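For reference, the structure is listed below as structure tokens.
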Amino acid sequence: MTAKEVIQYMESLRNEEQRIGLMRFFKTGKGEYGEGDEFLGLKVPETREVVKYAKDVPFEEIPKLLTNRYHEIRLCGFLLLVKRFEELATKKKTNDESAIEVRDAIVKMYLEYANYANNWDLVDLSAPKIIGHWLMLPSHLGDKLATMDGLAKSDSLWRKRISMVSSWMTSHYEDPSWCLRYAEMHLHHPHDLMHKAVGWMLREMGKQVNMDLLRDFLERHAHEMPRTMLRYAIEKMGEDERQYWMKYTGPK
């Protein structure tokens, strides 16, 4: 299957009623975070079905999907990268040299076209399983910390979100350092989407690694965290502890 065939097929699935709803849901109006994005009206499970049939699209053609005008076609491209990365990230292939080379090529492509992951779903469905997983695997791409800091310090909201939500996978591997680093870095970001991302990743870090690490972070920062961020971070705690952190005024 070629990229052109994938595009033609996905365009044939256009659903006008769903398209209108998705454009509202993903805030595509003037001045909103998804301003100008265009949709076909496909839900994520429909796009995942396309990915199954498009699994043999040549690697060099995937950018034609990543740069497409339609949100769902870009998502298809990113999910194809996820699928290929995961196939090369099994325990058996972790240290396989040829697998490392292709994983690195996928990461390079992802980073090159990251600006096209220009909404939270495109980021959240791809970054943890590509960039987050890459952080935990052998690679020849050089300084991973510098790469992640570059994303975190970018002017792009979406690149910043990539740096944060990638820590879902690193926390799954019981490495809290990435989450804590970028939670600190993004603590005062002005956008609600980053507040949600930071709080979500802190919650996952506490669940996957150690709740006391989350409590230590809250001891230092709960009093200055945006309320949405804090609510997300403490969501799985008991009622009494949630109330404690919501009323917390800072270290004594």
Side-chain angles (χ1 to χ4, degrees), residues 82 85-86 89-95 103 107 110 120-121 123-139 141 143-154 157-189 191-252:
V82 168
F85 192 95
E86 289 183 324
T90 61
K91 285 185 178 180
K92 185 176 181 180
K93 295 185 177 181
T94 295
N95 296 299
R103 289 199 308 258
V107 169
Y110 186 89
W120 58 265
D121 64 319
V123 171
D124 296 358
L125 292 172
S126 61
K129 294 181 178 180
I130 296 177
I131 302 303
H133 207 165
W134 167 69
L135 292 173
M136 298 291 98
L137 295 170
S139 170
L141 287 183
D143 191 338
K144 292 179 178 179
L145 183 61
T147 297
M148 297 305 293
D149 281 358
L151 290 167
K153 295 174 182 178
S154 165
L157 167 64
W158 308 116
R159 286 180 177 266
K160 289 179 184 293
R161 190 171 172 104
I162 288 170
S163 71
M164 192 68 245
V165 303
S166 292
S167 71
W168 183 90
M169 185 63 79
T170 56
S171 291
H172 180 75
Y173 274 76
E174 300 187 351
D175 181 349
S177 62
W178 301 94
C179 175
L180 293 171
R181 180 179 183 82
Y182 297 114
E184 293 260 9
M185 197 173 292
H186 298 311
L187 191 67
H188 299 295
H189 193 283
H191 204 291
D192 184 64
L193 285 175
M194 287 302 297
H195 300 171
K196 292 176 180 177
V198 173
W200 172 29
M201 290 301 105
L202 284 169
R203 184 182 75 224
E204 288 300 307
M205 185 274 297
K207 182 174 74 174
Q208 298 287 348
V209 185
N210 190 311
M211 286 297 293
D212 285 337
L213 286 174
L214 173 56
R215 293 184 180 103
D216 288 345
F217 186 92
L218 294 173
E219 284 279 356
R220 298 193 306 275
H221 298 299
H223 63 291
E224 59 180 338
M225 291 167 71
R227 295 294 90 177
T228 297
M229 183 188 296
L230 179 57
R231 288 190 185 95
Y232 270 60
I234 64 178
E235 185 179 19
K236 298 301 182 182
M237 293 178 173
E239 176 64 21
D240 289 346
E241 187 169 11
R242 289 202 306 273
Q243 288 302 317
Y244 171 80
W245 291 117
M246 291 301 297
K247 297 173 182 175
Y248 183 72
T249 57
K252 297 174 182 179

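Quick note: numbers below take in every heavy atom, side chains included, and nothing from hydrogens, waters or symmetry partners. All figures in this text were calculated on a predicted structure; none of them were measured in a lab.
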Students often mix this up, so state it plainly: with edges at 30° and 60°, are the rings of [X] and [Y] parallel, tilted or perpendicular?
X	Y	result
Tyr173	His133	tilted
His189	His186	perpendicular
His172	Trp168	parallel

Please answer whether the main-chain N or O of [Y] pairs with a side-chain N or O of [X] as donor and acceptor at a distance below 3.5 Å.
X	Y	result
Lys144	Trp134	yes
Arg103	Pro138	yes
Arg227	Met246	yes
Tyr232	Ala197	no
Thr94	Thr90	yes
Arg161	Leu193	yes

Side-chain H-bond candidate by donor/acceptor type, Trp178 with Ser166, under 3.5 Å: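 Their side chains do not contain a donor-acceptor pair, so the 3.5 Å distance test is not met.
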
Ser167-Tyr182 side chain donor-acceptor pair, cut-off 3.5 Å: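 The answer is no; no qualifying pair exists.
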
Sidechain N-carboxylate O distance under 4.0 Å for Asp192, Lys196: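 Answer for the salt bridge query: yes.
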
What is the distance from atom [atom1] of [X] to atom [atom2] of [Y], rounded to the nearest 0.5 Å?
X	Y	atom1	atom2	answer
Arg231	Met225	CZ	CE	11.5 Å
Leu202	Leu218	CG	CG	7.0 Å
Lys207	Met237	NZ	CE	13.0 Å
Gln208	Leu214	CD	CG	12.5 Å
Asp175	Leu135	CG	CG	8.5 Å
Lys236	Glu204	NZ	CD	8.5 Å

Side chains of Thr147 and Leu141 in contact at under 4.5 Å (non-hydrogen atoms):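 Sidechains of Leu141 and Thr147: no contact.
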
Beyond-backbone contact of Phe217 with Glu184, side-chain heavy atoms, under 4.5 angstrom: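 In short, these two side chains touch, coming nearer than 4.5 Å.
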
Step-by-step side chain to side chain contact (heavy atoms under 4.5 Å, CB included) determination, Leu145 to Arg181: CA-CA 10 Å; Leu145 183 61; Arg181 180 179 183 82; 3.4 Å; yes

What are the two closest heavy atoms between [X] and [Y], and how far apart are they?
X	Y	answer
Cys179	Met164	O-CE, 3.5 Å
Leu187	Met229	O-CE, 3.4 Å
His223	Pro251	CE1-CD, 3.7 Å
Tyr110	Ser126	OH-OG, 2.8 Å
His221	Glu224	ND1-OE2, 2.6 Å
Val209	Ser171	CG2-O, 3.5 Å

Verdict with reasoning, Tyr244 to Ile234, per side chain to side chain contact (heavy atoms under 4.5 Å, CB included): CA-CA 10 Å; Tyr244 171 80; Ile234 64 178; over 6 Å; no

Candidate pair Leu180 and Met205, rule side chain to side chain contact (heavy atoms under 4.5 Å, CB included), full reasoning: CA-CA 9 Å; Leu180 293 171; Met205 185 274 297; 3.7 Å; yes

Other residues, nucleotides, ligands: >12 heavy atoms within 6.0 Å of Asp240 CG: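 Not buried by this count: 12 neighbours or fewer within 6.0 Å.
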
Derivation of the side chain to side chain contact (heavy atoms under 4.5 Å, CB included) call for Trp158 and Ile162: CA-CA 6 Å; Trp158 308 116; Ile162 288 170; 5.6 Å; no

